A.B. asks: 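One structure, as structure tokens, below. Some questions next.
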Amino acid sequence: MPGADAVPGADVEPGADAEPEVLIVGGGPVGLTARALLARWGVRTALVEKRTGLSPFPRSRLVNVRSMEIYRLLGLAASVTDRAFAPEYGRIRFRDTLYDRDFATAGMVGVNGPVPESPVTGVLTSQDRLEPVLLAAADAPVRFGAELVDLVEEAEGVVAELAGRGGERTRVRARYVLAADGAHSTLRPLLGIGTTGPGALGSFTTVVFDADLSRWCARQPAGVYFTAHGSFGPVHPEGGWLWFGLTPDDAADADWPGLVSRALGPQAEVRPEVLRVQHWVMNAFVAERFRHGRVLLVGDAAHALPITGGLGMNTGVADVHNLCWKLAGVLRGWAGPGLLDTYGTERLPVAHQTLGQAVANTQLMVQVQSRRHEQLRSGEATPDPVELPWSERYFAQLGLVLGAAYRSAAVLTEAPTAPEPTGPSEPPVPPDSPDSPDSPDSPEAGTDYVPTPKPGHRMPHLWLAPDRSTLDAFGEWFTLLTPDPARWERLPAAPWPLRVEALTPEQADVCELGPHGALLVRPDGHIAARWHDAPPSDAALRRALAAVTGSAAD
């Protein structure tokens with residue numbers, strides 16, 4: 001695995017002579033993605049990680065469609081895909097033991113093949129393959145083997161105290177801190193932020209091993225094989241396997257090769273070569289709030305999710321995509337500091353909904369295994385398949401990952417259509433309304449995704465040109481999508497970064513726009529405002545940008 005010292009900017013200690021604007025605490029995929037996003041905005045960052053290097057374990061293994069859209073914008077999608085498994089591995093299989101036939105199987109929607117709602121396909125890849133790609137994506141200081149032990153907030157920033165492996169102490173001053181330091185975050189309890197949810201669900205162990213299992217798996221590839229004796233999965237396309245299950249009582253003295261061999265089944269006659277063993281706790285909680293002054297929680301520090309369904313890392317990637325443009329706007333002066341409050345307003349409901357989905361995934365998985373257990377106990381013919389209780393919906397989560405809709409001050413429910421009003425033409429939908437995306441009765445709360453051009457939603461994918469999606473038009477700027485670019489280009493937008501993109505009349509119809517209408521899209525790809533037809537005044541665009549960013553119009 002490439003080491004940190006092979007990457008420009010890695011293992012450089014941040015010091016007082018080069019104070020970062022943002023200090024990122026935690027060097028997992030979420031912290032590294034935030035570093036890459038902020039670098040694109042020209043924001044000076046420093047990242048500290050208490051581990052001595054990148055993760056040597058596979059750990060998070062699914063990069064879903066939404067995360068791949070974000071990595072496509074960063075120019076990383078091809079590098080991530082090159083290191084990943086082929087699409088046919090985007091499947092889960094249930095077996096009594098690994099050598100047995102499937103008694104149930106389901107595809108990972110958006111991973112086992114393309115979907116028309118996105119220009120990209122999610123991939124199955126190991127965290128130890130993803131992290132080097134993310135580390136190389138920015139040239140900004142990174143210090144491994146340094147743990148944040150104290151934090152003091154000042155009027156214009158924060159001072160973080162770091163402890164090195166040798167006990168040495170250093171201080172770093174920054175304007176803001178991103179806490180990406182995981183479920184066992186140091187910063188969250190340090191700030192007095194509590195959590196809600198079930199908490200620890202159990203202790204688990206992952207064993208990485210080498211063995212030739214091709215005769216049972218080569219013709220029926222999968223990302224995960226669930227068995228009655230733990231779960232198996234391939235680690236890298238060129239080889240390697242992992243097993244994970246409940247940690248045994250005698251973990252300190254466990255015969256791991258023997259345990260994995262027994263889990264494979266007596267007919268397997270395989271003695272695996274164990275390479276690594278990691279014990280971990282499966283957590284399920286959401287932080288009570290995502291912001292404390294100049295510190296913002298992201299990823300597992302903000303929400304720890306059960307691994308079933310592969311939602312954890314991807315939810316964290318969406319967190320920082322939502323947050324980094326807001327930090328850049330505040331630091332560069334074209335957004336008011338209150339814009340940062342919308343991060344929690346928008347992402348907390350998503351975290352709670354995602355936690356509910358992850359817990360439901362776990363329950364669905366248990367249902368399948370319980371049905372199989374009953375089938376075997378009752379003496380039914382064992383080759384009979386078990387009907388899946390969710391009809392291929394276990395990974396059919398596009399409604400969750402692509403359909404998340406935001407309601408906050410950074411979204412105008414509907415832009416004005418008359419000259420007089422300066423605010424939204426209709427009031428924001430309350431979160432407890434059946435029409436709200438946060439309501440469990442809302443269509444968006446299910447697994448199905450229905451593209452919509454309504455404000456607050458992710459802009460639907462439309463092809464602007466061959467291999468150029470509407471999603472490719474977004475970046476370090478706001479984007480105005482309109483069938484009448486000449487009219488909108490003459491409207492003043494400074495100091496906000498803005499680009500205008502032309503839509504065809506057919507695309508305008510899909511977006512529910514008249515011949516002179518427009519969609520204002522935020523840098524994170526979510527629609528901020530919509531004008532069905534011509535702007536009510538020359539100040540309309542500026543007023544909308546000012547309202548969305550919480551800044552003065554003039």
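No experiment lies behind these values; they were computed from the predicted model shown. Numbers here simply count residues along the sequence, with the first being 1.
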A.B. asks: Rounded to the nearest 0.5 Å, what's the gap from OH on Tyr89 to SG on Cys217? Could you check?
C.D. replies: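 Tyr89 OH to Cys217 SG: 8.5 Å, rounded to 0.5 Å.
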A.B. asks: May I ask you to test the Asn322-Val350 pair for a side-chain heavy-atom distance under 4.5 Å?
C.D. replies: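 A side-chain contact is absent here, since even the closest heavy-atom pair is not under 4.5 Å.
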A.B. asks: Please determine if Glu131 and Arg59 form a salt bridge, counting it only when a charged side-chain N lies under 4.0 Å from a carboxylate O.
C.D. replies: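 Salt bridge between Glu131 and Arg59, a charged N being under 4.0 Å from a carboxylate O: no.
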A.B. asks: Counting distance only, does the side-chain N/O of His457 pair as donor-acceptor with the main-chain N or O of Ala405 below 3.5 Å?
C.D. replies: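 No, the answer is negative, given that no donor and acceptor are paired below the 3.5 Å cut-off.
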A.B. asks: Just by distance, no angles: are the side chains of Thr33 and Tyr71 close enough, under 3.5 Å, to form a donor-acceptor pair?
C.D. replies: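 The answer is yes; a qualifying pair exists.
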A.B. asks: Check the angle between the aromatic planes of Phe103 and Phe94 and answer parallel, tilted or perpendicular using the 30° and 60° thresholds.
C.D. replies: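 Rings of Phe103 and Phe94: tilted, as their planes differ by 30° to 60°.
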A.B. asks: Does anything in residues 509-520 pair up under salt bridge (charged side-chain N to carboxylate O under 4.0 Å, His left out), and if so which pairs, sequence neighbours excluded?
C.D. replies: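 Applying salt bridge (charged side-chain N to carboxylate O under 4.0 Å, His left out) to every pair that reaches into residues 509-520, excluding sequence neighbours, yields Glu512-Arg530.
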A.B. asks: So, for Pro306 and Leu355, which heavy atoms are closest and what is the spacing to 0.1 Å?
C.D. replies: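 Taking every non-hydrogen atom into account, CD-CD1, 3.9 Å.
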A.B. asks: How about Arg522 and Tyr406: does a side-chain donor come under 3.5 Å of a side-chain acceptor?
C.D. replies: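 No - no donor-acceptor pair under 3.5 Å links their side chains.
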A.B. asks: Can you say whether the rings of Phe204 and Trp280 are parallel (under 30°), tilted (30 to 60°) or perpendicular (over 60°)?
C.D. replies: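 The arrangement is parallel - the two ring planes meet at less than 30°.
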A.B. asks: For the pair Trp496 (side chain) and Ala546 (backbone), establish whether a donor and an acceptor sit closer than 3.5 Å, ignoring hydrogens and angles.
C.D. replies: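 Pair absent, no side-chain N/O of Trp496 close to backbone of Ala546.
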A.B. asks: Do Leu471 and Arg72 touch side chain to side chain, with heavy atoms closer than 4.5 Å?
C.D. replies: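 Side chain of Leu471 against side chain of Arg72, heavy atoms only: no contact under 4.5 Å found.
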A.B. asks: If you measure from CG on Asp472 to CG on Asp467, what distance do you get to the nearest 0.5 Å?
C.D. replies: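 Between Asp472 CG and Asp467 CG, I get 7.5 Å after rounding to 0.5 Å.
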A.B. asks: Is the backbone of Gly122 close enough, under 3.5 Å, to the side chain of Asn64 for a donor and an acceptor to pair up by distance?
C.D. replies: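 Pair absent, no side-chain N/O of Asn64 close to backbone of Gly122.
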A.B. asks: Going through the distances and angles, do Arg291 and Asp341 end up as a side-chain contact (heavy atoms from CB on, under 4.5 Å)?
C.D. replies: CA-CA 7 Å; Arg291 182 184 183 188; Asp341 290 332; 2.7 Å; yes
A.B. asks: Given the rule in the side-chain contact (heavy atoms from CB on, under 4.5 Å) test, do Trp531 and Trp488 qualify, once you have shown the distances and angles that lead to the verdict?
C.D. replies: CA-CA 11 Å; Trp531 292 267; Trp488 289 88; 3.6 Å; yes
A.B. asks: Quick one: does Leu242's side chain get under 4.5 Å of Ser231's, heavy atoms only?
C.D. replies: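 When only atoms from C-beta onward are counted, Ser231 and Leu242 do not touch, as no gap falls below 4.5 Å.
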A.B. asks: Considering non-hydrogen atoms only, spot the tightest contact between Gly344 and Pro349 and give its length.
C.D. replies: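 Where Gly344 meets Pro349 most closely, the heavy atoms are O-CD, 4.0 Å.
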A.B. asks: So if I apply the side chain to side chain donor-acceptor pair (under 3.5 Å) rule between His516 and each of Asp484, Asp533, Thr482, which one comes out positive?
C.D. replies: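 The option that passes is Asp484.
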A.B. asks: Is it the case that the side chain of Arg35 and the backbone of Ile24 share a donor-acceptor pair, with hydrogens and angles ignored and the cut-off at 3.5 Å?
C.D. replies: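 Pair absent, no side-chain N/O of Arg35 close to backbone of Ile24.
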A.B. asks: Ignoring hydrogens and geometry beyond distance, is a side-chain donor-acceptor pair present between Thr479 and Glu501 at under 3.5 Å?
C.D. replies: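 Note: Thr479 and Glu501 side chains miss the donor-acceptor criterion.
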A.B. asks: Is Gln127 reaching over with its side chain to a backbone N or O of Ser60, donor-acceptor style, under 3.5 angstrom?
C.D. replies: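 Present.
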A.B. asks: Between Thr470 (side chain only) and Pro460 (backbone N and O only), is there a donor and an acceptor less than 3.5 Å apart?
C.D. replies: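 Yes, because the side chain of Thr470 sits within donor-acceptor range (under 3.5 Å) of the backbone of Pro460.
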A.B. asks: To the closest 0.5 Å, what do you measure between CZ (Arg95) and OG1 (Thr105)?
C.D. replies: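 Here the interatomic distance stands at 8.5 Å.
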A.B. asks: For a quick test of reading the model, state the closest non-hydrogen atom pair linking Trp477 to Trp41 and the distance between them.
C.D. replies: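 Nearest pair, atom of Trp477 first, then Trp41: N-CH2, 3.6 Å.
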A.B. asks: Would you sort out whether Ile307 and Arg61 count as a side-chain contact (heavy atoms from CB on, under 4.5 Å), showing the intermediate values?
C.D. replies: CA-CA 10 Å; Ile307 64 172; Arg61 308 185 64 239; over 6 Å; no
A.B. asks: For residues Leu32 and Leu54, determine if any side-chain heavy atom of one lies less than 4.5 Å from a side-chain heavy atom of the other.
C.D. replies: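 With C-beta onward as the side chain, the pair touches.
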A.B. asks: Do any N or O atoms from the side chain of Arg347 and from the backbone of Thr315 form a donor-acceptor pair under 3.5 angstrom?
C.D. replies: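 A pair under 3.5 Å: yes.
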A.B. asks: Taking atom OG1 of Thr45 and atom OH of Tyr176, what is their separation to the nearest 0.5 Å?
C.D. replies: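 The distance works out to 16.0 Å.
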A.B. asks: Which label fits His461 and Trp463: parallel for a plane angle under 30°, tilted from 30 to 60°, or perpendicular past 60°?
C.D. replies: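 Perpendicular, since the angle between the ring planes exceeds 60°.
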A.B. asks: Measuring only between side-chain heavy atoms, which start at C-beta, is Val298 closer than 4.5 Å to Leu323?
C.D. replies: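 Yes; the side chains approach each other to less than 4.5 Å.
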A.B. asks: How long is the gap from CG on Asp524 to CD on Glu346, to the nearest 0.5 Å?
C.D. replies: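 Those atoms lie 7.0 Å apart.
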A.B. asks: Considering all heavy atoms of both residues, which atom of Ala183 and which atom of Ala304 are nearest to each other, and what is their separation?
C.D. replies: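 Residues Ala183 and Ala304, closest heavy atoms: CB-CB, 3.9 Å.
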A.B. asks: Can you list the steps and then say if His303 with Thr354 is a side-chain contact (heavy atoms from CB on, under 4.5 Å)?
C.D. replies: CA-CA 9 Å; His303 41 71; Thr354 307; over 6 Å; no
A.B. asks: Which heavy atom of Gly299 sits nearest to which heavy atom of Asp319, and what is that distance?
C.D. replies: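 The pair with the smallest heavy-atom distance is N-OD2, 3.1 Å.
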A.B. asks: Are the side chain of Thr81 and the backbone of Ala78 linked by a donor-acceptor contact shorter than 3.5 Å?
C.D. replies: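 The answer is no, because no donor-acceptor pair under 3.5 Å joins these two groups.
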A.B. asks: Could you check whether any side-chain heavy atom of Pro523 comes within less than 4.5 Å of a side-chain heavy atom of Phe478, counting everything from C-beta outward?
C.D. replies: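 Pro523 reaches Phe478 side chain to side chain.
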A.B. asks: Specify the closest pair of heavy atoms between Leu498 and Leu480, including all atoms of both residues, with the distance to one decimal.
C.D. replies: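 For Leu498 and Leu480, the tightest heavy-atom pair comes out as CD1-N, 4.1 Å.
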A.B. asks: Roughly how far, to the nearest 0.5 Å, is the CG atom of Asp300 from the CZ atom of Arg188?
C.D. replies: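 One gets 9.5 Å once the value is rounded to the nearest 0.5 Å.
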A.B. asks: Would a distance-only check, ignoring hydrogens and angles, find a side-chain to backbone donor-acceptor pair under 3.5 Å from Thr227 to Gly230?
C.D. replies: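 Yes; judged by distance alone, with no hydrogens or angles, the pair exists.
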A.B. asks: With no hydrogens and no angle check, just 3.5 Å: does a side-chain donor-acceptor pair link Asp128 and His236?
C.D. replies: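 Present: a donor and an acceptor within the cut-off.
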A.B. asks: Is it true that a side-chain atom of Tyr343 and a backbone atom of Leu297 form a donor plus acceptor pair closer than 3.5 Å?
C.D. replies: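 Confirmed, Tyr343 side chain pairs with Leu297 backbone.
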A.B. asks: So, are Arg66 and Glu69 salt-bridged, with charged N and O less than 4.0 Å apart?
C.D. replies: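 Yes, charged N to carboxylate O under 4.0 Å.
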A.B. asks: With the side chain counted from C-beta on, respond yes when Pro455 and Leu412 share a heavy-atom pair under 4.5 Å apart, and no when they do not.
C.D. replies: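 The answer is no, as the side chains (C-beta and beyond) never meet within the 4.5 Å cut-off.
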A.B. asks: Determine whether Val65 and Val120 make a side-chain contact, defined as any pair of heavy atoms from C-beta on separated by less than 4.5 Å.
C.D. replies: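 They are in side-chain contact.
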